[in-house]
Protein chains: 2
Amino acid sequence: MEEKLFKAFKALGEPTRLKIIKMLSVQSMCVCELSAVLDMTQPRVSQHLKILKEAGLVNESKEGYWVYHSLNRESLHRLWNQFLAFLDADLRNLEGYEEELQKLSGLESNEKVIATKEKIRANNT
Amino acid sequence: MEEKLFKAFKALGEPTRLKIIKMLSVQSMCVCELSAVLDMTQPRVSQHLKILKEAGLVNESKEGYWVYHSLNRESLHRLWNQFLAFLDADLRNLEGYEEELQKLSGLESNEKVIATKEKIRANNT
DNA sequence: AGGCTATATAAGCATATGCTTATATAGTTT
DNA sequence: AAACTATATAAGCATATGCTTATATAGCCT
């Protein structure tokens, strides 16, 4: 889950790819069209599209020797929903948070720290 | 607009930061607590928090010498709404797409290409 | 003031990323 | 088959990123 999330966000977190996504939001395009419209070299566009496809954000369909790319809006919404679900999830229901869960419950048991905090709070009022 | 968008996504597109965000979704924490719970060095946590703060995703409040960090859920929703607005926006309303807009309208005027495409389509049916 | 505690920042390093140029692959047309 | 178009992939390079260790800064306490 987290793997997919951060890869998708990473794919979105790059200016060139955001531009490509914006262009694809206007209309589906093949690599050469994107390359022409954005005034970028073809390999540059290809490489970014690969990343976007791997993140599931862009679909492709071949037509002759053109490869048309379209924005997968469905997957965008799914991404955000999964992210919100991730944020709302109880730690006990997430993989890989066993240690964190345990250490989190031990956090407030340090009496010395608690005392210090209370003092500071008292001083601030 | 785009600048903010891709920086926020970039901030989210990193596993350590996603973990930090998840922990902050459970409760506000200071650096030392995050450091302890996630079992990471303090500078590592500090540096990531800085990025998250710069992206506006995390708020901080000082309490004694502790600096408490909390997830800014409001800004998360704003981020997504702005992203959707960016996708829906007409190119004419976006900064920095003047060239693209022009080249896009010129795309379909290449008759040779259009002819080729039509032939291919005909052959494929 | 001096000694704590927590946090921020800096320096250095290894790896990742984005780009370019060059080349390979796939499909189309003649 | 040969030439052509579009795309993918590879190699190489410069910069960015994430981490560690070391050090500086800031706030609190005795």
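Order of the sequence lines fixes the chain letters, A, B, ..., with proteins taken first and strands second; residue numbering starts at 1 for each chain.
Listed nucleotides: C/dT20, C/dA11, C/dG18. Nearest to the side chain of A/Pro43: C/dT20. Of all nucleotides listed (D/dT7, C/dA6, C/dT20), C/dA6 comes nearest to the side chain of B/Trp66. For A/Val31, the listed nucleotide lying nearest its side chain is D/dT7; candidates were D/dT7, D/dC19, C/dT7. Of the listed nucleotides (D/dG27, D/dC19, D/dA6), D/dG27 has the atom at the smallest distance from the side chain of B/Tyr65.
Toward the 5′ end of DNA chain C lies the nearest nucleotide of B/Glu60, the other residue of the pair B/Glu60 and A/Thr41 mapping further downstream.
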(request) Could you check A/Arg44 against A/Asp39 for salt bridge (Lys or Arg N to Asp or Glu O under 4.0 Å), going step by step and ending with a plain yes or no? (result) CA-CA 10 Å; A/Arg44 182 176 171 193; A/Asp39 195 25; over 6 Å; no
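When the side-chain nitrogen and oxygen atoms of B/Lys62 are compared with OP1 and OP2 of D/dC28, none of them lie within a distance under 4.0 Å. Dashed line: the shortest gap from a side-chain N or O of B/Ser46 to OP1 or OP2 of C/dT7 is not under 4.0 Å. OP1 or OP2 of C/dC19 sits under 4.0 Å from a side-chain N or O of A/Thr16.
When rounded to the nearest whole Å, the span between CZ of A/Arg44 and C1' of D/dA8 equals 17 Å. Rounded to a whole Å, the CD1 atom of A/Ile51 is 12 Å from the C1' atom of C/dC19. The CG atom of B/Leu52 sits 16 Å away from the C1' atom of C/dA8 (whole-angstrom rounding). Between B/Glu54 atom CD and D/dG18 atom C1' there is a gap of 15 Å when expressed in whole angstrom units. The NE2-C1' distance, from B/His48 to C/dA8, rounds to 15 Å in whole Å. Counting to the nearest Å, the P atom of D/dC19 and the CG atom of B/Asp39 are 13 Å from each other. Separating the NE2 atom of A/His69 from the C1' atom of D/dA6 is a distance of 10 Å, rounded to the nearest angstrom. If you measure from atom CG of B/Leu49 to atom C1' of C/dT7, you get 10 Å, rounded to the nearest angstrom.
With respect to A/Glu54 and A/Lys7, no salt bridge is recorded, no charged nitrogen being found less than 4.0 Å from a carboxylate O. Under the 4.0 Å criterion applied to side-chain N and carboxylate O atoms, B/Glu2 and A/Lys22 are not assigned as salt-bridge partners.
Of the possible polar contacts, one joining the A/Arg17 side chain to the A/Lys10 backbone as a donor-acceptor pair under 3.5 Å is found. Checking side-chain atoms of A/Gln82 against main-chain N and O of A/Leu79 turns up no donor-acceptor pair under 3.5 Å. A side-chain donor-acceptor contact under 3.5 Å links B/Ser35 to the backbone of B/Met40.
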Could you go over nucleotides 15-17 of chain C and give all protein N or O partners under 3.5 Å, atom names and distances?
{"from": "C/dT17", "atom 1": "OP1", "to": "A/Lys10", "atom 2": "NZ", "distance (Å)": "2.5"}

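Within 3.5 Å, a donor on the side chain of A/Gln42 pairs with an acceptor on the base of D/dA8, or the reverse.
B/Phe83 places a side-chain heavy atom less than 4.5 Å from the side chain of B/Phe9.
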